[in-house]
Amino acid sequence: MNRAPLKRSRILRMALTGASAVSEEAGSGNKPFLLRALQIALVVSLYWVTSISMVFLNKYLLDSPSLQLDTPIFVTFYQCLVTSLLCKGLSTLATCCPGTVDFPSLNLDLKVARSVLPLSVVFIGMITFNNLCLKYVGVAFYNVGRSLTTVFNVLLSYLLLKQTTSFYALLTCGVIIGGFWLGIDQEGAEGTLSLTGTIFGVLASLCVSLNAIYTKKVLPAVDHSIWRLTFYNNVNACVLFLPLMVVLGELRALLAFAHLNSAHFWAMMTLGGLFGFAIGYVTGLQIKFTSPLTHNVSGTAKACAQTVLAVLYYEEIKSFLWWASNLMVLGGSSAYTWVRGWEMQKTQEDPSSRDGEKSAIGV
């Protein structure tokens, strides 16, 4: 009996679901299907609500006509401060009340902080450029403006890690680049293009890719704990943001801010920090209950929903080609995720082909 078609079908099915044969069999036997489906639906919904709410709230804080607050570095600094305090608070709670919450112990070590500092600089660039991009472009264009992360992943994996990429993966990157340029063209045609915001979006995409590379290098310094890395990154960011705020004159602008004593303003700022902390948690939760591949697909679908919501909320009218640019970006990103997942599963299924499948391993 020829098992090759069955094997290819199995590989394809695992690539689509992002699960290995072992985890698939084990997972199906542990919990009833309906219970597991309900858990996944709740976790994915939590991820969507947290992520979309954070984007709209940050847009309000960064570019609201009612607030008129022109201090994007301070907004980012405050969110990092809230995240740092939450990490320390949960660590203290886990130490004082064992079993209440599962969180690693956090004690600020200057030696570790210095080891993490190079990554923290990239981290600062990533979150700052993300917020600056959101400040200058609309929420509807935000995903297209930062859509080159996948392309930078491929480029940096070749330049820094000397890893090649398959033809099909490169083809999906071409679709993403095409969608990006078409989106810029359509924003310009509609008179809503912000060149400054687009440049910040490209820089944000570059920093996201660099962050992925350097995170792997720095993890041993924090005992491979993502939460410790989050704590040190945000503490370093708070320290480095202070001179930036002074040099850019944001402290003066903040002191002259009309709503500085408003409880509503500080509540929104704190809520933004809570969302910034929560997105890391719900992202890990979604990967835990599904898979990294499914998480990427969910993120792409969330981006699509976010774009539609933004167009409806801000009552914008977009052309057919504008929507086509978004579909190209989202479709290219989804196709890249599927291609990489399929290639990696194929490599795991056939260990003898690993030497010839280096293109299947990326950032």
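Everything numeric in this text was worked out from a predicted model, so none of it was measured. Note: hydrogens, waters and symmetry copies are ignored here, and every other heavy atom, side chains too, is used.
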Report task. Can you run down the salt bridge (charged side-chain N to carboxylate O under 4.0 Å, His left out) pairs that involve residues 40-62, sequence neighbours left out, and say none if there aren't any? Result -> K59-D63
Would the number of heavy atoms belonging to other residues, nucleotides or ligands and lying under 6.0 Å from [atom1] of [X] be above 12?
X	atom1	answer
Y314	OH	yes
L312	CG	yes
Y214	OH	no
Y158	OH	no

Requested in this report: May I have all residue pairs that pass ring-ring contact (aromatic ring centres under 6.0 Å, His included) and include part of residues 74-94, sequence neighbours excluded?
Outcome: Y78-W266
For [Y], is there any backbone N or O sitting under 3.5 Å from a side-chain donor or acceptor partner on [X]?
X	Y	answer
D109	K111	yes
K135	L62	yes
S209	T149	yes
N130	M126	yes

Report task. Just jot down the ring pair (Phe, Tyr, Trp, His ring centres under 6.0 Å) partners of Y142, sequence neighbours excluded, or say none. Result ->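 Testing Y142 for ring pair (Phe, Tyr, Trp, His ring centres under 6.0 Å), a comparison that skips the adjacent residues, returns none.
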Query raised in the report: In terms of side-chain heavy atoms, does W48 have a donor or acceptor partner in S298 at a distance below 3.5 Å?
Result: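 Result is yes, a qualifying pair exists.
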Query raised in the report: Of the non-hydrogen atoms in L210 and V122, which two are nearest, and what is the gap between them?
Result: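 Answer, listing the atom of L210 first, then V122: CB-CG1, 3.7 Å.
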Show every donor-acceptor pair shorter than 3.5 Å between a side-chain atom in residues 51-58 and any protein atom, with sequence neighbours excluded, or say none if there are none.
| unit_1 | atom_1 | unit_2 | atom_2 | d |
| --- | --- | --- | --- | --- |
| S51 | OG | K302 | NZ | 3.0 |
| S53 | OG | V49 | O | 2.6 |
| N58 | OD1 | Q79 | NE2 | 2.7 |

Requested in this report: Could you tell me which residues satisfy side chain to side chain donor-acceptor pair (under 3.5 Å) with Q186, sequence neighbours excluded, listed by chain and number?
Outcome: S319
Requested in this report: Could you tell me whether E343 and K346 have a side-chain N and a carboxylate O separated by less than 4.0 Å?
Outcome: no
Report summary line: Apart from I199 itself, its cluster of hydrophobic side chains linked below 4.5 Å comprises F129, L132, Y136, L195, F200, L203
